[in-house]
Each structure stands twice: as structure tokens, then as C-alpha cells.
Amino acid sequence: MTGERERPHLLIVDGMALLFRSFFATAAFSQYFPNSKGIPTNAVQGFARHVMSAKQLMNPTHLAITWDMGARTFRNDLFDGYKANRPAPPEEMLPQFDMAKQVADLMDWTSFGVVGKEADDVIGSLACKFENEADMTIISGDKDLLQLLSPSTTIAFTKKGYTEYDVYTLQRFQEEYLLEPKQFADVKAFMGDSSDGYPGVKGIGPKSALQFIQNHGSIDGVLQNMASLKPGQRKKIEESLEMLKLSKELATIDCEVPLDVTLDALKVNDYTKKHIDALSEQEYRITLRHLQSLFPIK
């Protein structure tokens, strides 16, 4: 009798998060690693090395990389101020967005990006699409993704270097927040998100926002029990009712982005001389050394 086959393990990588993280980690020391044409490569090489390290550490059977496809998404149509406070990427980073997607192709990592959607939405849609087929680990730095936790989905938040992560399971989230992951968007709607540029309910901080949802379950639950709130809290919510509802839309990850892909198409392949030659040709020498140290190729 054969034993039950282990479930596949799909690693979903927030490519944008790793690219920005890698850029600023080295740009802080004015290290851009220009190639022979003078084009900076610090972000793209850091991104590629991070994915390689994660592959070696987490040993996934399947892999997907997700990207934003331009600054404007459906959330900008909902709210003009969405992410409006974010500075433009530094000049040295601009050529590296396309280079990162190209290096993903060179390494046979399948990339996903949908115009009008954020990488978060693509991550959520992949997680929902394959939740019955695979165990999944999402790598990102974005706490919004906590709403995607499930029995099959774990989130590894980047912490330090290429191998240290702050890992959230469904159980850890439930114990820390005393909520279900789907309720996290309701918490965000009350407290807002300064990095994404939406205010939520002015004057309501993270602690009160969390208590509201712990006590009443949802935004609707809070609104139905306004009489039980402090007069000051009631007033703040009444004055920001439209923004509260809008903030819930902005905070909720869209898990229904159509993605025409099978799990089999995301299978991880061994690295070969082809990958070494490709990295060498593109002058990604630091990445090449990193690959050879993690996955020796004869």
C-alpha cells in the first residue's frame, strides 16, 4: 500500500515588496551595482537572491511571482487620495522593474500581474484558486495580506536579510487578534492606513478599531450597536460614515481576479547550466554566485 501523497507547497512571492526592499537596503549605502552599461542592478539582484534563498529554505514544489502593473488601480478610481502620498520611485530603480520580470523569466519563475489590480489582489486570487489543491506560503512585507490566512495559507513577512521571517499561521493570528482573518479588513477600515493614504475614521486608532470588531464582529455590527459606544466614538463614526465604508472597499483584497493557470504550470524546476549562462550573460554576477552557493550545478 502506498502512503498518501504530500500536498504540493506553493510559494507565492510579492515581487514588488522584495524589489523595493532590496533597492533601499543597498541604496542606503549608495551601492547600486551598475552593469557595464551603467544601469543599476541592486534591486533586481537582491530580489532574485531573496527568491533563491526562500526556495532553498522553504523547499516549495511550486512557485509564483506577483507584480503591480503600473501605479493606477481600481482603488484610485474609488478614492483619488489612494497612495497619493507615496513618493515616486528613485531614478536608479526605474529600469529595474522590467529587469526584475526579465530575470524571473530567465530563472523560469512564472510571473503574474494584472492591469488595474495590485499585486495583493493577484496574491489573494492565487491563494483562493489553489486553496484546495496546495499548502501555500506568501512572502511579503504587507500586513494587509493577513486577511488571506487560512488552514492552507501561511504568510512569511520579511524581517532581516534573506532568511529571517516573521511567520503567521491562521492559529497565531486567531490567538493574537481574537478575530478571523476575513475581519481584518474591517479593522483596517476603522483605523485607516497612512501608507496607503486613506484615513478610515479620523481619531480612531488601531486599539479601538480592533476592539470594535472583536466586540461586534464587523462594521455593520458596530453600526447596529452605536448606542453601546462612548459618545465621542459615536460622533467620530457618524462624521466619517462614508469614508468608513469606502475604506472597507480599499482595504479588502480582491480574490476574484481571473487567472488562467493550473497548479502544474507553476512547478519548480531544477537549475541547470542554462540558468548559469543566462545570469552570466546579463552580468548578474552577485546573483550567479548566490545561486551556485545554494544550488551547486555540475
Side-chain angles (χ1 to χ4, degrees), residues 10-20 62-84 86 97 101 110-134 136-157 168 170 173 177 179-200 209 213 217-220 242-263 265-266:
L10 170 60
L11 183 63
I12 305 175
V13 176
D14 183 342
M16 231 57 182
L18 294 190
L19 196 64
F20 272 94
H62 297 71
L63 175 67
I65 315 283
T66 63
W67 303 100
D68 291 334
M69 300 296 284
R72 192 164 184 88
T73 70
F74 74 97
R75 291 181 179 86
N76 299 99
D77 297 331
L78 291 171
F79 180 52
D80 274 346
Y82 186 71
K83 292 192 176 178
R86 292 202 177 178
F97 292 112
K101 291 168 194 163
T110 306
S111 287
F112 294 89
V114 177
V115 174
K117 301 290 183 181
E118 291 184 48
D120 284 7
D121 303 311
V122 179
I123 290 168
S125 299
L126 284 168
C128 291
K129 185 178 179 72
F130 296 124
E131 67 180 337
N132 296 320
E133 295 181 55
M136 286 168 281
T137 302
I138 297 167
I139 291 181
S140 182
D142 188 349
K143 290 287 195 284
D144 286 350
L145 294 167
L146 287 169
Q147 62 192 272
L148 301 177
L149 287 166
S150 73
S152 60
T153 302
T154 296
I155 302 176
F157 292 114
Y168 268 85
L170 174 61
F173 178 86
Y177 286 86
L179 294 176
E180 292 304 314
K182 290 277 188 268
Q183 295 172 291
F184 190 62
D186 293 65
V187 176
K188 289 290 301 276
F190 273 106
M191 63 186 262
D193 187 324
S194 58
S195 72
D196 283 345
Y198 62 90
I213 306 305
S218 65
I219 290 170
D220 287 342
E242 287 307 307
M243 182 49 76
L244 174 62
K245 291 174 180 175
L246 178 58
S247 295
K248 172 69 187 288
E249 281 190 80
L250 297 172
T252 301
I253 291 171
D254 178 3
C255 291
E256 295 181 4
V257 178
L259 297 169
D260 185 18
V261 65
T262 62
L263 189 61
L266 303 178

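Quick caveat: nothing in here was measured; it's all calculated off a predicted structure. Only heavy atoms go into these numbers, but all of them, side chains included; no hydrogens, no water, no symmetry mates. For reference, positions follow the sequence shown, starting with 1.
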Quick check for you: to the nearest 0.5 Å, what is the distance between Thr262 atom OG1 and His62 atom NE2?
8.0 Å
Locate the shortest heavy-atom distance separating Gly113 from Met69; write the atom from each residue and the value.
C-CG, 3.4 Å
Taking the side chain from Glu249 and the backbone from Leu246, do they hold a donor-acceptor pair closer than 3.5 Å?
no
Taking C-beta and beyond as the side chain, do Leu148 and Cys255 meet within less than 4.5 Å on heavy atoms?
yes
Sequence-distant partners of Ala64, side chain to side chain contact (heavy atoms under 4.5 Å, CB included), two or more places apart:
Leu10, Phe112, Leu126, Leu266
Should Lys83 and Glu118 be marked as a side chain to side chain contact (heavy atoms under 4.5 Å, CB included) after you check the CA-CA gap, both sets of side-chain angles, and the distance that decides it?
CA-CA 12 Å; Lys83 292 192 176 178; Glu118 291 184 48; 2.9 Å; yes
Taking all non-hydrogen atoms of both residues into account, name the closest pair between Ile219 and Ala189 and its distance.
CD1-CB, 3.6 Å
Write down the atom of Leu259, the atom of Ser125, and the distance for their closest heavy-atom approach.
CD1-CB, 3.8 Å
Where do Glu256 and Lys117 land on the salt bridge (charged side-chain N to carboxylate O under 4.0 Å, His left out) test, with the steps shown first?
CA-CA 11 Å; Glu256 295 181 4; Lys117 301 290 183 181; over 6 Å; no
Using atom types as modelled and distance alone, determine if a side-chain donor or acceptor of Gln147 lies under 3.5 Å from a backbone N or O of Ala251.
yes
Side chains of Glu180 and Phe173: does their closest heavy-atom pair fall under 4.5 Å?
no
Might you point out which heavy atoms bring Ile213 and Phe190 nearest each other, and give the distance in Å?
CD1-CE1, 3.8 Å
Using the side chain to side chain donor-acceptor pair (under 3.5 Å) rule, take Ser195 and Asp193 through it: C-alpha gap first, then chi angles, then the decisive distance, then the call.
CA-CA 6 Å; Ser195 72; Asp193 187 324; 2.7 Å; yes
Can you check whether Thr154 reaches Met136 side chain to side chain, under 4.5 Å on heavy atoms?
no
Does the distance from a Lys or Arg side-chain N to an Asp or Glu carboxylate O, for Asp196 and Arg86, drop under 4.0 Å?
yes
Please report the closest heavy-atom contact between Leu263 and Ala134, naming both atoms and the distance.
CD2-CB, 4.1 Å
On a heavy-atom basis, which atom in Thr252 and which in Ala185 lie closest, and how many Å separate them?
OG1-CB, 3.7 Å
Ignoring hydrogens and geometry, is there a side-chain-to-backbone donor-acceptor pair from Asp68 to Gly70 under 3.5 Å?
no
When you measure from the side chain of Gln183 to the backbone N and O of Gly217, does any donor-acceptor pair fall under 3.5 Å?
yes
Test side chain to side chain contact (heavy atoms under 4.5 Å, CB included) on Thr137 and Ile12 and set out the steps.
CA-CA 6 Å; Thr137 302; Ile12 305 175; over 6 Å; no
When the ring planes of Phe184 and Tyr177 are compared, do they come out parallel, tilted or perpendicular, using 30° and 60° as the limits?
perpendicular
Report yes if some heavy atom in the side chain of Phe97 is under 4.5 Å from a heavy atom in the side chain of Leu19; otherwise report no.
yes
Are side-chain N/O atoms of Ser140 and Asp142 paired as donor and acceptor at under 3.5 Å?
no
What verdict does the side chain to side chain contact (heavy atoms under 4.5 Å, CB included) test give for Lys129 and Val261, after you've listed the backbone C-alpha separation in whole Å, the side-chain angles of each residue and the deciding distance to 0.1 Å?
CA-CA 9 Å; Lys129 185 178 179 72; Val261 65; 4.1 Å; yes
Is the ring pair Tyr198/Tyr82 parallel, tilted or perpendicular, if the boundaries are 30 and 60 degrees?
parallel
When rounded to the nearest 0.5 Å, the distance separating CD1 of Ile138 from CG of Leu145 is 6.0 Å
Any donor and acceptor pair, going by atom type alone, linking the side chain of Thr153 with main-chain N or O of Leu149 inside 3.5 Å?
no
Lys101 NZ to Ser111 OG distance, which is reported to the nearest 0.5 Å
8.0 Å
Do Arg72 and Asp77 make a side-chain contact, defined as non-hydrogen atoms from C-beta onward lying under 4.5 Å apart?
yes
Side chain proximity check, Asp14 to Ile139, heavy atoms < 4.5 angstrom:
no
Before you tell me yes or no, could you show the steps for Asp121 and Arg75 under side chain to side chain contact (heavy atoms under 4.5 Å, CB included), namely the whole-Å CA-CA distance, both residues' side-chain angles and the distance that decides it to 0.1 Å?
CA-CA 11 Å; Asp121 303 311; Arg75 291 181 179 86; 2.7 Å; yes
